[in-house]
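Below is one structure, written out as structure tokens; the observations come after it.
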2 protein chains.
Amino acid sequence: MTLQHAQPIQRLIQELTKLPGVGEKTASRLAMHILRGSKEDAEGLARAILEVKEKIRFCSQCFNLTDQDPCRICEDPKRNREILCVVSGPEDLLALEKSGGFRGLYHVLQGVLSPLEGVGPNDLRIGELLARLKEEGIREVILATNPSVEGEATAQYLAQRIRPSNVRITRIARGVPMGGDLQYIDEVTLSKSLENRSPL
Amino acid sequence: MTLQHAQPIQRLIQELTKLPGVGEKTASRLAMHILRGSKEDAEGLARAILEVKEKIRFCSQCFNLTDQDPCRICEDPKRNREILCVVSGPEDLLALEKSGGFRGLYHVLQGVLSPLEGVGPNDLRIGELLARLKEEGIREVILATNPSVEGEATAQYLAQRIRPSNVRITRIARGVPMGGDLQYIDEVTLSKSLENRSPL
């Protein structure tokens with residue numbers, strides 16, 4: 001009669017397929033792993049899922065994900081409060097922090113403009129960004145959205161909106177990545193890299 | 001200060017990397033998805049994980065995963081109790097059930113012999129299989145382990161152990177898959193397919 005796994009297994013597989021990039025087969029493999037694993041591991045995973053939803057919120061200043069408000073960066077007295085780096089998501093913020101190249105504050109848009117996916121200016125934290133520029137005495141905004149079509153369009157749009165605020169607007173440099181090999185770099189990157197060349 | 005995500009996010013990522021095939025990057029992507037998703041989805045997933053560990057056990061007869069003991073197949077009066085199909089895992093059982101080609105009972109080994117991974121006869125449900133042959137009046141055992149090196153070795157080993165029980169021992173046919181194209185089939189499969197040819 002059983003053309004399917006027992007109900008609870010079936011339900012777990014179904015819940016797992018809601019995760020991005022997880023199809024039926026992967027979900028089934030993950031479910032079997034959880035079934036074979038220890039009770040502690042399963043409980044640890046379930047607890048971590050619940051905890052993240054309970055404890056993590058958006059920082060009311062920069063809209064990064066945080067377990068305290070304001071977040072540790074916004075609160076840090078050693079950060080330069082005159083320079084604001086605009087990123088699309090928390091992962092990008094993290095990558096910039098890891099690079100160690102930035103000691104100012106951040107603003108997390110929570111996405112990029114994407115007409116095709118129905119993401120317009122009102123879906124991003126743009127109003128909040130403009131409000132910060134007015135209120136916080138910021139002198140430079142670095143637009144650090146991805147060098148993709150959407151990221152570039154978002155940066156262009158933001159620059160237009162920010163211009164009246166009379167702060168310096170910059171865009172992260174796009175060019176040949178360090179350690180890269182010219183012959184394998186795409187043409188758009190190469191032409192950007194020539195266009196944005198700097199004196200030595 | 002924050003070179004990492006907030007603690008709860010970090011913990012979720014760490015728990016997710018314990019799943020097979022999930023590295024740091026995938027775990028981070030999954031965690032972000034859970035964070036962005038609804039509370040209901042997160043709770044649904046957590047509940048499904050806990051429920052599966054609570055409710056799913058091994059059937060005491062066939063060692064398939066089940067939420068009732070004996071499982072629905074072992075309990076089903078319409079199944080032929082004289083023929084036993086030996087598989088390595090619940091997924092294989094499910095695949096055979098879906099094929100609709102078998103109406104007997106199953107025995108789930110829970111693995112295959114694999115000296116390299118330290119899986120010996122005592123790690124599989126072989127003792128239980130031999131006991132069933134003695135007690136349940138079984139007349140045929142179909143060895144349906146995978147046609148892989150380990151699966152074949154396991155089938156050979158089982159055949160040796162079962163032989164004294166004086167039941168019929170068969171092995172699932174290995175050959176050209178239906179819909180397959182001879183020119184793309186590997187040589188071992190082709191030679192097996194010739195070797196095991198049947199009269200028309």
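Proteins come first, then strands; the chains are lettered A, B, ... in the order of their sequence lines, and each starts at number 1.
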Return the option, out of B:Gly44, B:Cys71, B:Pro20, with the maximum number of heavy-atom pairs under 4.5 Å with chain A.
B:Pro20
At their closest point, which heavy atom of B:Glu15 faces which heavy atom of A:Asp41, and how far apart are they?
OE1-O, 3.9 Å
Quick check for you: to the nearest 0.5 Å, what is the distance between A:Met32 atom CE and B:Leu65 atom CG?
5.5 Å
For A:Arg139, does the CZ atom have more than 12 heavy-atom neighbours from other residues, nucleotides or ligands under 6.0 Å away?
no
Relative to chain A, which of B:Glu54, B:Arg47, B:Glu51 shows the most heavy atom pairs under 4.5 Å?
B:Glu51
Between the main-chain N or O of A:Leu45 and the side-chain N or O of B:Lys18, is there a donor-acceptor pair closer than 3.5 Å?
no
So with a 6.0 Å cut-off around CD of B:Glu195, is the heavy-atom count from everything else above 12?
yes
Heavy-atom pair of closest approach, residues B:Arg36 and A:Pro90:
NH2-CD, 4.1 Å
Heavy-atom check, side chain of A:Asp67 versus side chain of B:Ile9, under 4.5 Å:
no
So how far is it from B:Leu35 CG to A:Ile49 CD1, rounded to the nearest 0.5 Å?
11.0 Å
For atom CD of B:Glu140, is the number of surrounding heavy atoms from other residues, nucleotides or ligands below 6.0 Å larger than 12?
yes
Report which part of A:Thr17 has an atom under 4.5 Å of a heavy atom belonging to chain B: side chain, backbone, both, or neither.
neither
Answer yes if B:Leu109 and B:Ile142 sit in the same cluster of Ile, Leu, Val, Met, Phe, Trp and Tyr residues linked by side chain heavy atoms under 4.5 Å apart, and no otherwise.
yes
Is there a side-chain contact between A:Ile34 and B:Lys53 (heavy atoms, below 4.5 Å)?
yes
Linked, directly or transitively: A:Val112 and A:Ile126 (ILVMFWY side chains, under 4.5 Å):
no
Look at atom CZ of A:Arg81 and say whether more than 12 heavy atoms of other residues, nucleotides or ligands are closer to it than 6.0 Å.
yes
Verify the neighbour count for atom CD of A:Glu75: are there more than 12 heavy atoms of other residues, nucleotides or ligands below 6.0 Å?
yes
Rounded at 0.5 Å granularity, tell me how far CD in B:Glu91 sits from NZ in A:Lys25.
11.0 Å
Are there more than 12 heavy atoms of other residues, nucleotides or ligands under 6.0 Å from atom CD of B:Glu117?
no
So what's closer than 4.5 Å to chain B heavy atoms on A:Gln7: side chain, backbone, both or neither?
both
Heavy-atom side-chain contact between B:Leu50 and A:Glu43 under 4.5 Å:
yes
